[in-house]
Amino acid sequence: METAVKNQKNIKLKEYILYMLAVFFYTNMTGMINEYRRAYLVDGLKLTTNQLSFFNVFTGIAGFVISFVCAMILDNKKIKNGNKFKNIGMLAAVPCGLITILIFWTPGLIRENPILLMVWLCALALIQCVCFYFGNTVSMVAVVMSPDSREREQLLSFRGIVSAVGNSAPLVIVLVVAAITKALKGNEDNSVNYLISAILCGVVGTVTMLLGMRTVKERITYSEEKRNPLEGFVLVFKNRHARRVLFSEFLKAFRGIATFMQPFIAAAMLGSSSKTLIFALPVGIGTMTGMLIINALLKKFTSRTLYIASGLYSVIINLVAFGIGYLYITRGQPLALNIVFVVCLFGTGLQFGASNLLPNMFQADILDDLELTTGKRLDATLPFVISIGSTVSTLIANGVVPYILYDNEETGWKSIIGYQQGLLDGTQQSVRTKVMLLFFYTVVHGIMMLLAGLPFLNYKLYGEERDRVHSEVLKKRESLNIN
């Protein structure tokens, strides 16, 4: 175990490179699922609004329970050779790859039976929850790869950038696969495109996770003392800084309504969900750029100030994007306005840089505060407790979004947007549908990000206080021979 010397460089170049590759291709798998499963369910399997709402709510609730159990297991597992995350990440690699593929494969017999179909989809989603909870140790391990706060901050920053790019990479993969299959078959079958892309993401993701987690080193010593596994949850709830972040995540997660619309707005404005890349790429590039900007601004401003400011910026840029997109839709879709709209999407991506990066830094600082005040490392418990806020709001959002998006012919339900399922040419959606998709994709997102910054008006763990806490933690580790 290496000594925690301030400003000492601990992470070796080979370790750094293989770790970033593991993060990149791991988020390829999560990005493939997050970007295209909803389009696969709506336009591929053609689930009704009731089926999709049930799927979203059931898997959300069950997934929360599973995450609770997994968090207790992870934070109370026996430490082997000084590693808490390494071995688990390696064990999760193959299951993560397999489940990524299976999510986009539905046997014909199961498709034909609605009950079997829902059992199949829900079972896969719950297995996915377990696999990717433990697979996410690829991300978690960054917090303990260096005892130096500045090196850790830089690692978290670049991990965030690599994650953002990796999460968007499936958009390129699907677009390329769609072009190839269309050239070979003469028509476009998105279900086939999704499956081929998932296979590519799953195989490469598995290999790089194994290589990356085999190489990383955890450079803090964990306590072997046995404790009540529920005690950690109580301690996190008592921490005032954690409660602020939890409430912020509750508000932020309602933007899931907006991100849910991405493949559908792409289909409506460009013709096919396989062209989601054209909208998502500028957002992804903006996200990466935003992270670089935030990383530079952290030298002059506190994380708290930047997070609040990013919420204000989000409202402004999303209103501008809606205005440009509205003109594009209602004025015959001229190319010039389309280009301006894409530029606006890059601008919205800049805000994602702050909302994706800064919460990770807040959590790393809170882990230090918890370690100082309680003597415990709660690397899995803290993210789980904070996720309670986002889980609740995501359940609400996922439960209502199908009813917002499209009609249910069986019950006569009329949605707000009126999206028509399965159109080969998505531009045939009505003008009203396109405008409403655009509204939820932009304006709703901006509003939720503004609200997400409000809890940080009373957040105190930043600047000098944050530095004091980290310094005291290092001293406490030294006094206990904990590096």
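Residue numbers run from 1 in the order of the sequence given. The structure presented is a predicted model; accordingly, all values stated were derived computationally and were not measured.
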### Query
Any side-chain donor paired with an acceptor under 3.5 Å for Asn239 and Asp369?
yes

### Test item: Ser197 side-chain N/O and Asn193 main-chain N/O as donor-acceptor pair under 3.5 Å
yes

### Message
Could you check whether Asn398 and Thr394, counting side-chain N and O atoms only, form a donor-acceptor pair closer than 3.5 Å?
### Response
no

### Message
Within the 4.5 Å heavy-atom criterion, are Val42 and Phe264 side-chain neighbours or not?
### Response
yes

### Task
Any chance you could measure Leu298, atom CG, to Ile293, atom CD1, to the nearest 0.5 Å?
12.0 Å

#### Entry: Shortest non-hydrogen contact between Ile317 and Gly347, atoms and distance
CG1-C, 3.6 Å

Compile the donor-acceptor pairs under 3.5 Å between side chains in residues 94-103 and protein atoms, sequence neighbours left out, one pair per line.
from: Thr100; atom 1: OG1; to: Cys96; atom 2: O; distance (Å): 2.8

### Message
Run the side chain to side chain contact (heavy atoms under 4.5 Å, CB included) test on Leu251 and Met449 for me, step by step, so that the C-alpha distance in whole Å, both residues' side-chain angles and the decisive distance to 0.1 Å come before the verdict.
### Response
CA-CA 8 Å; Leu251 296 169; Met449 290 315 306; over 6 Å; no

### Query
Sub-3.5 Å donor-acceptor pair from the side chain of Thr215 to the main-chain atoms of Leu211, do we have one?
yes

### Task
Report the distance from atom CG of Asn136 to atom CZ of Phe85, rounding to the nearest 0.5 Å.
10.0 Å

### Query
Mind checking whether Pro282 and Val343 have side chains closer than 4.5 Å, heavy atoms only?
no

### Message
Less than 3.5 Å apart, any donor N or O on the side chain of Arg255 or Ser355 sitting next to an acceptor on the other?
### Response
yes

### Query
Any side-chain heavy-atom pair from Pro402 and Asn56 closer than 4.5 angstrom?
yes

### Query
Is the Tyr441 to Phe260 ring centre distance short of 6.0 Å?
no

### Side chain proximity check, Val245 to His241, heavy atoms < 4.5 angstrom
no

### Task
May I ask you to check whether Tyr307 and Tyr459 place their ring centers less than 6.0 Å from one another?
no

### Message
Below 30° counts as parallel, above 60° as perpendicular, anything between as tilted: where do the rings of Phe352 and His445 land?
### Response
parallel

### Message
Could you check whether any side-chain heavy atom of Ser314 comes within less than 4.5 Å of a side-chain heavy atom of Leu450, counting everything from C-beta outward?
### Response
no

### Query
Just wondering, do Thr289 and Phe346 contact through their side chains at under 4.5 Å, heavy atoms?
yes

### Message
Treating Lys86 as the side-chain partner and Met213 as the backbone partner, does any N or O pair qualify as donor plus acceptor under 3.5 Å?
### Response
yes

### Message
Quick one: does any side-chain atom of Glu35 pair with a main-chain N or O of Leu171 as donor and acceptor, under 3.5 Å?
### Response
no

### Query
So, Phe279 versus Phe341, ring centres under 6.0 angstrom or not?
yes

### Message
Using the ring centroid of each side chain, check whether Phe68 and Phe384 are separated by less than 6.0 Å.
### Response
yes

### Task
Decide yes or no on ring pair (Phe, Tyr, Trp, His ring centres under 6.0 Å) for Phe456 and Phe362, but give the supporting numbers first.
CA-CA 11 Å; Phe456 285 95; Phe362 294 139; 4.6 Å; yes

### Query
Between Glu151 and Ile11, is there a donor-acceptor pair closer than 3.5 Å when you use the side chain of the first and the backbone of the second?
yes

### Summary
Nearest heavy-atom approach of Leu126 to Ala62 is CD2-CB, 3.4 Å

### Task
Under the side chain to side chain contact (heavy atoms under 4.5 Å, CB included) rule, what do Val469 and Leu461 come out as? Steps first, then yes or no, please.
CA-CA 9 Å; Val469 168; Leu461 190 60; 3.8 Å; yes

### Task
Could you tell me whether the side chain of Phe25 reaches within less than 4.5 Å of the side chain of Val207, counting heavy atoms only?
no

### Query
Taking the six-membered ring for Trp, are Trp120 and Trp105 parallel (under 30°), tilted (30 to 60°) or perpendicular (over 60°)?
perpendicular

### Query
Applying the salt bridge (Lys or Arg N to Asp or Glu O under 4.0 Å) test to Asp365, which of Lys460, Arg466, Arg304 qualifies?
Arg466

#### Entry: Tyr133 side chain to Gly63 backbone, donor-acceptor under 3.5 Å
no

### Enclosure of Arg111 CZ (heavy-atom neighbours >12, cutoff 6.0 Å)
yes

### Query
Going by atom types only, do Asn318 and Thr442 share a side-chain donor-acceptor pair under 3.5 Å?
no

#### Entry: Distance, nearest 0.5 Å, that separates CE of Met140 from CZ of Phe134
9.0 Å

### Message
Using only atom types and a distance under 3.5 Å, with no angle test, would you say the side chain of Thr27 pairs donor to acceptor with the backbone of Val23?
### Response
yes

### Message
Please check: side-chain N/O of Glu218 versus main-chain N/O of Val141, any donor-acceptor pairing under 3.5 Å?
### Response
no

### Task
Look at the aromatic rings of Phe250 and Phe254 and report parallel, tilted or perpendicular, splitting at 30° and 60°.
perpendicular

#### Entry: Donor-acceptor contact present, side-chain Asn167 to main-chain Ser163, <3.5 Å
no

#### Entry: Ile161 to Met288 - nearest heavy-atom pair and separation
CG2-CG, 3.2 Å

### Approximate separation, where rounding is to 0.5 Å, of Ile386 CD1 and Ser248 OG
9.5 Å

### Query
Passes side chain to side chain contact (heavy atoms under 4.5 Å, CB included), Arg37 versus Gln128? Steps please.
CA-CA 12 Å; Arg37 176 162 58 184; Gln128 174 212 347; 2.8 Å; yes

### Check: Phe54 ring centroid to Phe58 ring centroid under 6.0 Å
yes

### Task
Identify the heavy atoms of Thr391 and Gly60 that sit nearest to each other, and give their distance.
CG2-O, 4.3 Å

### Query
Which is it for Leu121 and Leu47 under the side chain to side chain contact (heavy atoms under 4.5 Å, CB included) test, yes or no, and what are the steps along the way?
CA-CA 11 Å; Leu121 294 176; Leu47 298 189; 4.0 Å; yes

### Message
Show, in sequence, the C-alpha distance, side-chain angles and deciding distance for Arg159 and Gln154, and conclude whether the side chain to side chain donor-acceptor pair (under 3.5 Å) test is met.
### Response
CA-CA 8 Å; Arg159 185 204 68 182; Gln154 288 296 316; over 6 Å; no

#### Entry: Residue pair Met209 / Ala92: nearest heavy atoms and the distance that separates them
CE-C, 4.4 Å

### Query
Once you round to the nearest 0.5 Å, how far does OH of Tyr40 lie from CD1 of Ile33?
12.5 Å

### Message
Quick check: do Leu41 and Arg38 have side-chain heavy atoms less than 4.5 Å from each other?
### Response
no

### Distance (rounded to the nearest 0.5 Å) between Ser139 OG and Asn360 CG
8.0 Å

### Task
Heavy atoms only: give me the nearest Tyr19-Ala142 pair and the separation to one decimal.
OH-CB, 3.3 Å

### OH (Tyr16) with more than 12 external heavy atoms under 6.0 Å
yes

### Message
Strictly distance-based, threshold 3.5 Å: is any side-chain N or O of Thr348 a donor or acceptor partner for the main-chain N or O of Leu345?
### Response
yes

### Task
Begin with the C-alpha distance, continue with both residues' side-chain angles, and end with the deciding distance and a verdict on side chain to side chain donor-acceptor pair (under 3.5 Å) for Glu249 and Ser390.
CA-CA 5 Å; Glu249 291 296 296; Ser390 58; 5.1 Å; no

